[in-house]
Structures are given as C-alpha cells and as structure tokens.
Amino acid sequence: MKVAVRPAAGTTGADFTEPVTVSVSGGALADVSVVAEDGGRLKGTFNSARTRWTSDAHPASGTTYTVTAGVEDDESTHTSRFTTKKPGATFVGYFTPEDGSTSGVGMPVSLAFTKAVGDRAAVQKAITVTAEPDVEIVGHWFSDTRLDFRPRTYWAAGTKITLALRLKDVEGADGVYGTQDKDVTFHIGREQISVVDLKAKSMTVRRDGEEIATYDVTGGGSGYETWAGKMVISERFEETRMDSTTVGLGDEYDIDDVPHAQRLTTSGTFIHGNYWAAASVFGTSNTSHGCIGLRDAQGADDSSTPGARFYRSSMVGDVVEVRRSGEETVAPANGLNGWNLSWAQWKAGSAA
C-alpha cells in the first residue's frame, strides 16, 4: 500500500489556493488529520471507497501543516509535513466604524481597500455583516476600492452589528490576496435625525421620534448652495481649521478655529458653529460657502450657544437631512451618504 499526500512531504513553498489531498493505493484510508502549527485543523471528506480524502477548505498561506494518515488493516501511520508559501502581494480593508464603538442610526459599514479589487464577488462573499435584531443587509460597491453595507432603512436604535472579515487568502485581484480574519462588533445608539429646511433657514432635531430642539441656521448662499439630501455625520471636531484652498474655492476663507464642526461630506460640507456672522443672519439668510451654520462663540467654550448644544447632542452616524437648498442631491459616495440611493439602486451595486 502506498499513501500519497499533496502537497508532497517536505514542500516549503506549497500552493495555498488548492485543497490538500491524501490518497492510498491498494487499501482504504481509516483516518486523516491535517493540523496547522497553531493547532487549527483542516476538515475534509472521503470519497465513497475511502481511497481519497480532500480538505474542505484550502490551507492558509505561510503555514506549516502536519498530515497524519492511517490505513485500514495496517498498523503503520503515514506522517508528512509541508509549508505553504506566503503571498507576494496583499490587501486589507480598513473599516468604519471602529470595533466597540456606538454610532447613530445612519452609520453604514464602510470598507476601503488598500488595493483595487478585481474580483468583487469573491471579496464580498468573504465579508458578512449581521445584525441583532436581524434585518436584511446588502453590500454596494461605490468603486473598486470601496464597499459599503446597509439595510433598506436606517438601523433600529439599540442594534448590535457584527462585521465578519474572512479575507485571508482571498484573491482580490490577480496575485493579490487578503490578510484579515477577524470579527468587529459595534452598536447603534439612540435615533437622532435632524431636518434642515434652507428655505425656512431652520433645523428640527428629532430623537427617537420626538422633537427635542429647533435651531435657526444659515446655509449656502447664491452660487454656493448646500447639497440637498440625507447626510451622515462622519467626523466631529470641537474646533477645526477650514481653509477654502482645500475645497477648490481659492482664497475665499481661512478660519483656524471653527467651533463644533461635524463633517457631512468628503468634499467639505460641515454643520458647524459660526461666530463671525452677525446674529441676525441665522434664521433669515443663507450666506455660507455651502456649510450649515449655527450661532456659536469663538473658542467653543460657551455651552449655551446653538452650535454647542447641537454638537453636544450629536454623535457620529447621526443623520442630517437637507431640504429646499436649491442644490442637487449629494452624490451617494460623497461621504457616508448611500441613503440617497433607493433600495433597488443600492442592491444593483452588489456583487453577491
């Protein structure tokens, strides 16, 4: 009787994209074990005659395995070892939100890949997003480096969400393999949705369905109209610098201490405190370069101002919906703003 193992014993650069096989001639296999150096085992299946065993999954890259095979009516045991090669090129997916964080109901699960993904179906298959309570969640590719997941409507308050990354050794592009095998969990806090009406120059804040505040605001003036649509707060700064040169507006402004700023788009739309405009502007005129402004104090140290109060009530993932701004709807990929796609449009962007 002869036992043959593939990859062969002693191989140091074995392929990790093929299953492990163990076969015997002149007999039948009694048992097979394939154990990695960290103790992990590859499960497998025998053919009907038990002359061949094939692993159900591929071996991991850069790993040494010990293969042990027993043959029926033979007291001897066949043992061999092999080591798989390491991939020449790799990619990872940087995810938002962070593990263990709490976000507002509009927060999608967003992944940015370090290499362009050619095989979107393989990569998406290796990523699972689940929720408690259960809800249908679908992925949408905005580009070959960005994949977001969300349900049909905003998450329910209190939802627990788990992102399972099983990207290790998944070939995302020709010769480029994933490295991640981990789970990430985050939670949804209370529901807060703020509606900005820029014709009325006002904002109404609702928490868990109840109105908790209204604020006078100023939005984008003529030629600088604020994007319309549903936008998700993606970053928050007690104070930050805003320089018009960074958003393609030349030398229109450079303010190094903008208070209570919360990002709504990648392109530079914020909802923030404003101390430099006259108090009479808020609720009466749209005078900004596209941001939404609330009356505030320089230094961000007056907790009684509208800017401070709204900032204090907010969190990353909260929704700010802008209406009647005179501008087109924001592009869904401009920030975490995929909610501006219908459910049918969202699902059309899935590779699953």
Side-chain angles (χ1 to χ4, degrees), residues 94 96 104 110 112 146 194 196-203 205 215-337 340:
Y94 289 109
T96 297
S110 184
R146 179 178 171 187
S194 302
V196 177
D197 182 338
L198 286 182
K199 189 170 183 180
K201 291 89 174 175
S202 68
M203 177 171 68
V205 183
Y215 298 104
D216 291 333
V217 301
T218 183
S222 178
Y224 301 101
E225 288 82 0
T226 305
W227 292 115
K230 301 168 183 177
M231 290 175 268
V232 174
I233 295 174
S234 58
E235 289 185 293
R236 305 176 71 239
F237 307 95
E238 190 167 353
E239 281 189 302
T240 192
R241 179 182 179 184
M242 291 188 177
D243 180 355
S244 57
T245 62
T246 65
V247 292
L249 293 180
D251 59 357
E252 288 285 317
Y253 57 85
D254 185 2
I255 305 169
D256 62 5
D257 59 352
V258 177
H260 302 121
Q262 303 185 88
R263 181 183 291 277
L264 301 179
T265 70
T266 306
S267 63
T269 308
F270 282 76
I271 183 165
H272 62 77
N274 179 327
Y275 65 81
W276 52 91
S280 59
V281 164
F282 303 98
T284 63
S285 303
N286 289 323
T287 62
S288 81
H289 289 84
C291 290
I292 302 162
L294 297 91
R295 184 175 57 80
D296 212 326
Q298 188 171 15
D301 55 3
D302 184 346
S303 61
S304 68
T305 65
R309 285 187 282 126
F310 179 66
Y311 182 87
R312 194 164 58 247
S313 74
S314 301
M315 67 169 59
V316 167
D318 282 350
V319 179
V320 176
E321 182 176 349
V322 177
R323 301 175 182 175
R324 300 202 300 174
S325 71
E327 183 54 283
E328 297 177 357
T329 300
V330 65
N334 187 3
L336 302 176
N337 299 326
N340 294 288

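- Two residues are said to be in side-chain contact when any heavy atoms from C-beta on lie closer than 4.5 Å; Arg146 and Ser110 meet this criterion.
- For the residue pair Pro259 and Tyr275, the shortest heavy atom distance occurs at CD-CD2, 3.9 Å.
- Between Glu239 atom CD and Ile255 atom CD1 the span is 12.0 Å, to the nearest 0.5 Å.
- For the pair Tyr311/Glu238, a side-chain contact is recorded, criterion being any heavy-atom separation below 4.5 Å from C-beta on.
- Heavy-atom minimum distance, Gly268 versus Val247: CA-CG1, 4.1 Å.
- Under the 3.5 Å distance criterion, with hydrogens and angles disregarded, no donor-acceptor pair is assigned to the side chains of Asp197 and Ser202.
- Taking each heavy atom of Ala279 and Arg295 in turn, the nearest pair found is CB-CD, 4.1 Å.
- Separating the CD atom in Gln298 from the OG1 atom in Thr305 is a distance of 12.5 Å, to the nearest 0.5 Å.
- Closest heavy-atom contact between Asp302 and Ala297: CB-CB, 3.7 Å.
- Heavy atoms only, all atoms of each residue included: Thr284 and Lys201 are closest at O-CE, 3.6 Å.
- For the pairing with Leu264, the side-chain contact (heavy atoms from CB on, under 4.5 Å) check across Val320, Val232, Thr226 returns one residue only, Val320.
- The aromatic rings of Phe310 and Tyr215 sit perpendicular to each other, their planes meeting at more than 60°, with 30° as the lower class boundary.
- Here the side chains of Gln262 and Ser314 are in contact, with some heavy-atom distance below 4.5 Å.
- Atom CD of Glu225 sits about 6.0 Å away from atom CD of Glu327, to the nearest 0.5 Å.
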> Would Val258 and Trp276 satisfy side chain to side chain contact (heavy atoms under 4.5 Å, CB included), going step by step from the backbone distance to the final call?
Replying inline: CA-CA 10 Å; Val258 177; Trp276 52 91; 4.0 Å; yes
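- Using a 4.5 Å heavy-atom cutoff, the side chains of Trp227 and Asn334 are in contact.
- Atom-to-atom distance recorded for Asp243:CG and Leu249:CG is 10.0 Å, nearest 0.5 angstrom.
- Between Val316 and Arg236, the closest side-chain pair of non-hydrogen atoms falls below 4.5 Å.
- For the pairing with Val217, the side-chain contact (heavy atoms from CB on, under 4.5 Å) check across Asn274, Leu294, Val322 returns one residue only, Leu294.
- Minimum interatomic distance between Ser313 and Asp318 (heavy atoms only, all atoms of both residues): O-OD2, 4.2 Å.
- Contact of the Ile292 side chain with the Met203 side chain is not registered, since no non-hydrogen atoms from C-beta on lie closer than 4.5 Å.
- The salt bridge (Lys or Arg N to Asp or Glu O under 4.0 Å) test applied to Glu321 returns Arg323, not counting sequence neighbours.
- No side-chain heavy atom of Leu198 sits under 4.5 Å from any side-chain heavy atom of Arg324.
- A donor-acceptor distance shorter than 3.5 angstrom exists from the side chain of Ser288 to the backbone of Gly219, with no hydrogens or angles considered.
- Paired with Arg241 under the rule side chain to side chain donor-acceptor pair (under 3.5 Å), one option of Asp257, Asp256, Asp254 passes, and it is Asp254.
- To the nearest 0.5 angstrom, Leu336 atom CG is 15.5 Å from Lys230 atom NZ.
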>> Go through it in stages, so that I can follow the logic: the residues are His272 and Thr240, the test is side chain to side chain contact (heavy atoms under 4.5 Å, CB included), and I'd like the CA-CA distance, side-chain angles, deciding distance and then a yes or no.
In response: CA-CA 10 Å; His272 62 77; Thr240 192; over 6 Å; no
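- Distance CZ/Phe270 to OG/Ser234: 7.5 Å, rounded to 0.5 Å.
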